[in-house]
Amino acid sequence: MSTAADSSRVADAARKVVQEHDPTSVPTREFLAACFDAGLSWVHFPEGLGGLGVSRGLQAVADGILQDAGGPVPFALNPIGYGMAAPTLREHAQTDELKREWLRPLATTEHIWCQLFSEPGAGSDLAGLATSAVRDGDDWVVNGQKVWTSLAHRARWALLLARTDPDAPKHKGLSYFVVDMKGPGVETRPLRQMTGQAEFNEVYLNDARIPDAHRLGAVGDGWRVAMTTLMNERSSIGASGSRRGTGTIADAVALWASRPDLHTPVLEDRLTKLWLRAEAQRLTSERSRATATVGGPGPEGSVGKLVGAELNQQVYEFCMDLLGPEGILYDDYTMRDMERTDDWRGPLQQRFLRSRANTIEGGTSEVLRNILGERVLGLPGDLRADAGKPWKEIPRG
């Protein structure tokens, strides 16, 4: 529970950072380092690890002051690092020394993070993954293939879920690691999307070695650790802008205002309904964040991700319908990286194409509906023929 004293403490720390490290004039990494040292990267983390040990809900106080002064949105610069890796490392890394070693360069965005979960044969059924990790003294030797890995081509570190016991049921034989993406045996190949960008990758692990010290959680307890990552992932992806009218709906409203020549009553009605849905999602996300201040993200966070993904697609479908024939104009399909000085989201046509992935990434909409039905509404679960069977006996392919 946050107090007025805690809120004042957070606000004072944020104002001091802005005063001593003007975000409009100092390098981004220097500014973010100052935020970390002041405990403003994740205010609910312990002191010394980028936090102040106060309520999670007070992050909005810090972010408001820092970003109103011109500071960056850290999640946009290192999304997997801030949204998924940091809370997983904080909860499950073996020592405080390792936590500090990983968290500070993550917070400054010196080290980008990625997430090695999905595989060609284990996407929605993540627990069915086949990448193996075999103990060899103080190391683990990893072999396998991961796919749809965002930012792997830029990442310094990765969160890895691998199978350490093929004789156990699929959820029980998994362990969780941090892998060096620049180490021997790790190969990254970009996957070109229909936007022309290559933000996703496939990653091959060929006798890659990971120190046992880089294991998160106990051997065989990888699924529980992965739940920390996934709950935070869905909460961070599903979170809409904290201010009314922000987020993707702002693109539709701006386009509408700039093209009065294309207005029709039918399109006006569609935009109104989309705006109302966006506002409902924003308020639901705010409520979810308030609930998470006590116990952390739970399955309720899947609501924001599910609704937000489908809403994004509907918003950009509206934009294309408003533009009419202009909607098919696209400037460049050349394969390229995201590292550009302009807005990496590109023109509206690119955002429309990119939005098609929203209902797949971070958990498909079908999987999220199952999670909400079973874990929130208490409905009966799906029948699972592989329940309790050793993973090696489950048919694959």
Side-chain angles (χ1 to χ4, degrees), residues 78-81 84-86 88-89 91-95 97-99 101-103 105-106 110-123 125-168 170-191 198-226 228-230 233 337 391-392 396-397:
N78 197 1
I80 296 164
M84 296 145 232
T88 306
L89 296 171
E91 187 167 341
H92 298 288
Q94 294 186 32
T95 66
E97 288 74 20
L98 273 174
K99 293 176 185 180
E101 179 182 327
W102 281 325
L103 285 173
L106 181 161
E110 177 185 353
H111 290 168
I112 302 299
W113 283 68
C114 67
Q115 179 180 333
L116 299 175
F117 276 26
S118 295
E119 298 182 7
D125 182 22
L126 176 60
L129 62 83
T131 293
S132 66
V134 179
R135 187 71 179 261
D136 181 24
D138 291 333
D139 292 343
W140 293 83
V141 180
V142 182
N143 285 279
Q145 179 189 358
K146 299 292 184 175
V147 75
W148 309 126
T149 307
S150 301
L151 302 177
H153 59 298
R154 294 175 53 198
R156 176 64 175 80
W157 297 99
L159 303 170
L160 169 70
L161 192 61
R163 188 162 303 282
T164 49
D165 186 358
D167 295 316
K170 62 182 184 180
H171 290 83
K172 300 294 185 181
L174 302 171
S175 300
Y176 200 115
F177 305 91
V178 171
V179 61
D180 183 352
M181 290 296 290
K182 306 302 182 185
V186 181
E187 179 186 359
T188 300
R189 302 178 188 175
L191 293 169
E199 63 182 287
F200 298 125
N201 304 266
E202 52 186 348
V203 177
Y204 293 86
L205 300 150
N206 300 300
D207 290 332
R209 301 187 75 89
I210 302 175
D212 185 59
H214 288 190
R215 171 175 44 83
L216 304 185
V219 175
D221 200 28
W223 188 253
R224 185 177 69 88
V225 181
T228 301
T229 306
L230 293 173
E233 176 184 34
D337 190 7
W391 174 82
K392 67 181 183 181
R396 295 178 55 79

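Heads up: numbering here begins at 1 and tracks the sequence.
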Can you name the side-chain hydrogen bond (donor to acceptor under 3.5 Å, both in side chains) partners of Ser175, sequence neighbours left out?
-> Thr164
Could you grab the distance from atom CG of Leu89 to atom CG of Leu159, nearest 0.5 Å is fine?
-> 6.5 Å
If we only count heavy atoms from C-beta on, is the Tyr176 to Leu160 side-chain gap below 4.5 Å?
-> no
Any residue meeting ring pair (Phe, Tyr, Trp, His ring centres under 6.0 Å) with Trp223, in chain and number order, not counting sequence neighbours | His171
May I have the step-by-step check of side chain to side chain contact (heavy atoms under 4.5 Å, CB included) for Glu202 and Leu191, ending in yes or no?
-> CA-CA 7 Å; Glu202 52 186 348; Leu191 293 169; 4.2 Å; yes
Residue pair Val142 / Ile210, side-chain heavy-atom distance below 4.5 Å | yes
Minimum heavy-atom separation for Ala85 to Trp113, with atom names?
-> CB-CE3, 3.7 Å
Modelled atom types, side-chain donor and acceptor of Gln145 and Glu119, under 3.5 Å = no
Can you tell me how far CD1 of Ile112 sits from CZ of Arg156, rounded to the nearest 0.5 angstrom?
-> 12.5 Å
At what distance, to the nearest 0.5 angstrom, does CZ of Arg163 lie from OG of Ser132?
-> 10.0 Å
Taking it one step at a time, do Trp140 and Val134 satisfy side chain to side chain contact (heavy atoms under 4.5 Å, CB included)?
-> CA-CA 5 Å; Trp140 293 83; Val134 179; 5.6 Å; no
Evaluation steps, side chain to side chain contact (heavy atoms under 4.5 Å, CB included), between Leu216 and Glu91 | CA-CA 9 Å; Leu216 304 185; Glu91 187 167 341; over 6 Å; no
Please round to the nearest 0.5 Å and tell me the distance separating atom CG of Leu230 and atom CE of Met84.
-> 9.5 Å
For Trp102 and Ala93, the nearest pair of non-hydrogen atoms, with its separation, is CZ3-CB, 4.1 Å
Asn201 to Ala152 - nearest heavy-atom pair and separation | ND2-N, 3.3 Å
Nearest heavy-atom neighbours spanning Ser150 and Phe200 | OG-CE2, 3.1 Å
For Ser118, the side-chain hydrogen bond (donor to acceptor under 3.5 Å, both in side chains) test, sequence neighbours excluded, returns none
State the CG-OG1 distance between Leu161 and Thr229, to the nearest 0.5 angstrom.
-> 8.5 Å
Lys/Arg-Asp/Glu bridge criterion (N-O < 4.0 Å) met for Asp125, Lys170 = yes
Say whether, by atom type as modelled, one donor and one acceptor occur between the side chain of Arg135 and the main chain of Gly137 under 3.5 angstrom.
-> yes
Positive for side chain to side chain contact (heavy atoms under 4.5 Å, CB included) with Val203, one of Val147, Leu116, Val179 = Leu116
Return yes when atom CG of Asp138 has more than 12 non-hydrogen atoms of other residues, nucleotides or ligands closer than 6.0 Å, and no otherwise.
-> no
Under the salt bridge (Lys or Arg N to Asp or Glu O under 4.0 Å) criterion, do Lys392 and Asp167 qualify, and how do the steps go?
-> CA-CA 6 Å; Lys392 67 181 183 181; Asp167 295 316; 2.5 Å; yes
Taking atom types as modelled, is there a side-chain donor on Asn206 or Asn143 under 3.5 Å from an acceptor on the other?
-> no
Residues passing the side-chain hydrogen bond (donor to acceptor under 3.5 Å, both in side chains) test with Arg215, sequence neighbours excluded, are Asp212
Where do Phe117 and Leu129 come nearest, in terms of heavy atoms and distance?
-> O-CD2, 4.4 Å
Roughly how far, to the nearest 0.5 Å, is the CZ atom of Arg154 from the SG atom of Cys114?
-> 11.5 Å
Residues 181-190 side chain polar contacts: donor-acceptor under 3.5 Å, at least two apart:
| from | atom 1 | to | atom 2 | distance (Å) |
| --- | --- | --- | --- | --- |
| Glu187 | OE2 | Arg189 | NE | 2.9 |
| Glu187 | OE2 | Arg189 | NH2 | 3.4 |

Might you point out which heavy atoms bring Phe177 and Ala162 nearest each other, and give the distance in Å?
-> CE1-CB, 4.4 Å
Who pairs with His92 by side-chain hydrogen bond (donor to acceptor under 3.5 Å, both in side chains), at least two apart in sequence or on another chain?
-> Thr228
